[in-house]
Amino acid sequence: MILDKKTKEPYINVWFGNFYKPAFDDKEFVKDAVSLLKHLGFNSVLLDAKAWEDFAERFEGGEASQYVKMQEFMQKELKCQGMSHEFLALYLNGDNLYPNIRFSPPIYGESVVNPDGSDGKWYRYWSVKAKDAMIKHVSGLFQRYGENYVKVRTKGGEKMPICSMWDPIVAPSFDKEGRKRYLDWLEKRYNGSITKLNEAYELQVKSFDALKPEEYWFSCRYPDRESFSEEDVKAQTPCFRVMADNKRWQSEELELYFADMKKRLKEVNPEFLLCPDLTQWGYFLNVDGAMLSGVGMADLWDTAVRGIDLYRLAPFVDAAHFISVPVTPAGDPDCYVTACHHNMMRNMNRNRDFIGGIYWGRFLYHDLYAWLTPEEVISSIVASGASGYSSYGMCGLDDGGVLHRMPEAFNDSLAAGNEWAKQVIPKLGSPKRAEVAILFPSAMALYESMRTENNRERRMDFLGWYKMCCDYGVAVDIVDASLLKKDSGKALNQYKALILPADDCYVVDADFVLESIISDWLKDGGVLIHGPEQALAERVSGLHCEPHKKDAFLYRAKNGRQEKGMLTGYAFVSWNTDTDGKALATWLTDETAAMAYHQKGNGAVYSFGFLYGFSYTEKIAPHVPREQKNEELYPLTMLRDDPAKEILETVLGRKLELHRGIEITEFENGTIFINHTSYPYILPKEGRKWFTDMRIREEVQAEQVLLPRTGVFVEKN
């Protein structure tokens with residue numbers, strides 16, 4: 001539990017920026033805004049106090065700039081209204097607002113150098129000077145503005161949350177020191193063999209230190225390309241290898257940065273609770289920034305462009321979290337994205353309390369909350385097991401964080417959701433132990449952007465598997481390799497099934513230890529479920545597939561019923577079942593295996609010949625293939641018998657019921673139901689019910705009805 005000390009409530013925080021008017025210079029607006037935030041149920045406010053020169057001048061006793069003056073007023077007003085402040089202390093590249101929106105220059109300590117020799121105006125993340133400047137700024141903030149700073153009660157005692165970094169991205173530096181930094185890393189990656197690097201990059205250089213930026217850095221070597229292609233991945237071309245190396249270096253530099261900054265920040269104050277916002281626009285399931293025009297840094301919204309692996313950063317912070325946006329890569333509002341994100345956060349924070357993160361406002365690409373409700377979204381956050389959440393934002397006019405202009409109905413729902421969260425979080429107890437794990441596609445998430453063909457479909461394959469588990473009420477964990485390798489691989493023994501979504505980049509970082517762990521787990525009775533573009537599954541199982549043309553399939557259910565299904569997408573394969581396998585479904589054109597079962601020791605492998613998860617989430621229903629004439633075929637989700645459901649029933653040893661669009665999460669002391677549909681849902685009769693929409697319940701008086709886009713906690717009797 002993470003409780004706000006002042007209010008004794010779960011920690012519920014919101015970012016409030018004052019670089020835009022009216023918050024920049026209108027005190028009456030700030031008073032009204034703080035009143036609104038308190039009414040909405042927030043108990044602390046995150047102030048945007050990045051390392052700008054006017055803060056440094058103020059720390060030295062100088063006159064406050066208009067920006068700093070208003071921050072000081074905001075702190076006083078928060079105290080006056082019974083709330084606390086928190087600091088967003090450090091940011092991505094130092095600052096993206098100067099000189100057009102913020103009028104005081106940022107403090108870098110030491111910046112990177114562009115290929116042309118100009119100042120990159122970006123933190124040199126590995127620089128001692130840069131980190132010293134960061135620590136000096138953080139120290140100055142707390143020496144001057146420590147009064148009424150937010151404090152929380154945790155299992156580890158009283159702590160002070162701090163957003164110690166927002167949206168971190170490492171940039172290369174092309175000066176002598178920066179080049180040496182990267183080339184030393186590259187030499188280590190290739191085990192000191194310039195021959196291996198020459199083969200990978202198709203070069204003929206004599207040594208690592210002879211490499212030029214136009215040979216080792218993607219944007220310099222391929223200035224006309226945004227990313228690599230699918231064929232580059234399959235052939236492991238230099239285009240793919242250079243990009244993969246660049247991203248892996250960025251990721252490892254971030255690990256080093258956070259490890260060092262954790263020590264440094266704890267020296268400033270050992271009671272800090274380090275809660276950096278690791279990404280602002282979600283993780284992996286991002287909206288495609290290319291769909292946005294005229295938005296600053298939209299090309300960086302896709303986290304695969306950034307070189308960041310959040311699971312690997314989690315050990316170096318106290319609460320690994322990020323801001324989720326409930327929108328799919330295609331731009332569709334979808335609360336399951338936020339539910340999925342928070343499942344990831346829970347697993348990044350194994351054995352410790354964590355906070356969630358959410359975007360409130362008018363999103364730039366889509367008016368998300370015209371479709372979704374805040375109380376629905378908050379219900380998913382709470383159902384993840386989060387102890388509270390942080391959010392964005394108030395008066396962020398550049399990217400839609402405009403809580404002060406949102407409709408009254410939105411505010412009513414947000415206030416109700418926050419009040420419900422405060423009531424329910426202390427009652428929940430521990431979540432039900434997961435029986436199924438989904439392996440996060442870490443390699444693809446790190447290396448492959450949406451500019452690579454069919455990347456969106458692969459990302460949706462991941463979301464689709466998660467949605468399917470939710471619809472059948474199966475408790476699931478989204479894990480990465482590091483979690484499965486804990487305790488010498490014993491962590492995998494918790495799960496009866498492991499689902500591997502598409503990850504076409506796995507081979508570049510093949511993990512032999514993980515493969516051995518999964519192989520042993522299979523022999524001991526584990527069940528592996530996967531589709532195409534899953535080299536890990538093929539390496540572990542020894543199974544191989546053949547490319548197949550796009551096709552419809554015939555599925556034979558366990559009850560003997562047969563039905564034809566049709567699909568969209570691009571990835572179709574058939575599986576060899578001649579020796580020890582069994583076809584569970586066949587392609588209509590040639591009767592080869594569209595789904596297959598193979599026994600492996602005491603375990604089993606279920607192989608799909610198409611991207612099941614993508615098909616489960618696909619919004620475009622396929623047309624009956626012409627060669628099927630007037631035959632009866634249905635999309636995957638309209639089949640009477642779902643093959644994935646039948647597999648999980650076999651694995652888990654019980655019948656599963658479909659509650660499509662109803663998120664159900666069991667806890668020690670009750671169950672949360674969330675209605676993500678447009679229709680009422682009938683609840684079980686038993687148990688005391690804590691609805692998010694109590695504001696209208698007195699009139700409705702329907703104890704068994706869960707209204708659309710709302711949630712309920714059904715407490716055990």
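Nothing fancy with the numbering, it's 1 onward along the sequence. These numbers come from the heavy atoms of this one structure, side chains and all, not from hydrogens, waters or symmetry mates.
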Side chains of R346 and N349: donor-acceptor distance under 3.5 Å anywhere?
no
Smallest heavy-atom separation, Y123 atom then A51 atom, equals OH-CB, 4.1 Å
What distance do M261 atom CE and E267 atom CD have between them, rounded to the nearest 0.5 Å?
10.5 Å
Is there a side chain to side chain contact (heavy atoms under 4.5 Å, CB included) between W166 and Y392? Walk through the geometry before answering.
CA-CA 12 Å; W166 183 280; Y392 182 93; 4.0 Å; yes
Establish, from distance only, whether the side-chain atoms of D309 and S251 form a donor-acceptor pair under 3.5 Å.
no
For K266, does the NZ atom have more than 12 heavy-atom neighbours from other residues, nucleotides or ligands under 6.0 Å away?
yes
What do the steps show when you test L414 against E375 for side chain to side chain contact (heavy atoms under 4.5 Å, CB included), and what is the final call?
CA-CA 6 Å; L414 177 54; E375 60 199 283; over 6 Å; no
How long is the straight-line distance from NZ of K50 back to OG of S104, given to the nearest 0.5 Å?
12.0 Å
Ignoring hydrogens, what is the shortest heavy-atom contact between S379 and W420? Give both atom names and the distance.
CA-CZ3, 3.6 Å
May I ask you to test the N93-I169 pair for a side-chain heavy-atom distance under 4.5 Å?
no
With side chains defined as the heavy atoms from C-beta onward, is the minimum distance between V287 and T328 less than 4.5 Å?
no
Short side-chain to backbone donor-acceptor contact, H39 and N411, under 3.5 Å:
no
Side chains of E177 and W126: do they bring a donor and an acceptor to under 3.5 Å?
yes
Donor-acceptor pair, distance only, cut-off 3.5 Å: does the side chain of H342 make one with the backbone of I355?
no
Return yes if some donor-acceptor pair links the side-chain N/O of R58 with the main-chain N/O of E63 below 3.5 Å, else return no.
no
Any side-chain donor paired with an acceptor under 3.5 Å for Q71 and N18?
yes
Exam field: side chain Q66 to backbone F24, donor-acceptor pair closer than 3.5 Å:
yes
Any S65 side-chain heavy atom under 4.5 Å of V68 side chain:
yes
With a cut-off of under 6.0 Å to the ring centre and 45° to the axis, is K247 in cation-pi contact with Y447?
no
Plane angle bin for Y311 and F440 - parallel if under 30°, tilted between 30 and 60°, otherwise perpendicular
tilted
With distance as the sole criterion, is a donor-acceptor pair present between the side chains of N286 and T303 under 3.5 Å?
yes
Using a 6.0 Å cut-off, check whether atom CD of E53 has over 12 heavy atoms from anything other than its own residue.
yes
Parallel, tilted or perpendicular: which one describes the rings of W360 and Y389, with boundaries at 30° and 60°?
perpendicular
I'd like to know if the side chain of H341 reaches the main chain of Y283, judged simply by a donor and an acceptor atom lying under 3.5 Å from each other, with no hydrogens or angles considered.
yes
Have a look at W52 and tell me which of F59, F19, Y67 forms a ring-ring contact (aromatic ring centres under 6.0 Å, His included) with it.
Y67
Does the plane of the ring in F29 sit parallel, tilted or perpendicular to the ring in F16? Use 30° and 60° as the thresholds.
perpendicular
Locate the shortest heavy-atom distance separating A304 from R459; write the atom from each residue and the value.
CB-NH2, 3.7 Å
Is the H85-Y149 ring centre distance short of 6.0 angstrom?
yes
Minimal non-hydrogen separation, L46 against L88, with atom names
CD1-N, 3.4 Å
Is there a donor-acceptor pair under 3.5 Å between the side chain of D302 and the backbone N or O of G289?
no
Any donor-acceptor N or O pair under 3.5 Å, side chains K422, N43:
no
For side chain to side chain contact (heavy atoms under 4.5 Å, CB included), just list the numbers for I107 and F55, CA-CA rounded to whole Å, side-chain angles, deciding distance to a tenth of an Å, and then say yes or no.
CA-CA 10 Å; I107 298 171; F55 274 109; over 6 Å; no
Looking at D54 and K69, is any side-chain nitrogen of the basic one under 4.0 Å from a carboxylate oxygen of the acidic one?
no
Can you name the nearest heavy-atom pair linking D119 to K121, along with the distance?
OD1-N, 2.8 Å
More than 12 heavy atoms of other residues, nucleotides or ligands under 6.0 Å from CZ of R405: is that the case?
no
Aromatic ring centroids of Y359 and F322 under 6.0 Å?
no
Are any of the side-chain nitrogens in E271 or K151 under 4.0 Å away from the carboxylate oxygens of its partner?
no
Evaluate the side-chain proximity of T665 to F667: yes if any heavy-atom separation is below 4.5 Å, no if none is.
yes
Run E147 and K79 through salt bridge (charged side-chain N to carboxylate O under 4.0 Å, His left out) and show every step you take.
CA-CA 9 Å; E147 183 184 353; K79 182 179 180 182; 2.3 Å; yes
Verdict with reasoning, D398 to L97, per side chain to side chain contact (heavy atoms under 4.5 Å, CB included):
CA-CA 10 Å; D398 54 341; L97 304 175; 4.2 Å; yes
Please find the pair of heavy atoms, one from T692 and one from A416, that lie closest to each other, and give the distance.
O-CB, 3.4 Å
Just do the side chain to side chain donor-acceptor pair (under 3.5 Å) check on N13 and S44 with the steps written out, would you?
CA-CA 5 Å; N13 175 274; S44 62; 2.9 Å; yes
Under 3.5 Å donor-acceptor, N246 side chain and F218 backbone:
yes
Taking D260 as the fixed residue, which of K263, R264, K262 is the one that meets the salt bridge (Lys or Arg N to Asp or Glu O under 4.0 Å) rule?
R264
Any side-chain donor-acceptor pair under 3.5 Å between D4 and T7?
yes
Stepwise salt bridge (charged side-chain N to carboxylate O under 4.0 Å, His left out) check, K27 with E77:
CA-CA 9 Å; K27 291 184 177 180; E77 189 60 30; over 6 Å; no
Side chains of D245 and Y182, donor plus acceptor under 3.5 Å:
no
In this structure, which one of K131, K129, R124 forms a salt bridge (Lys or Arg N to Asp or Glu O under 4.0 Å) with E110?
R124
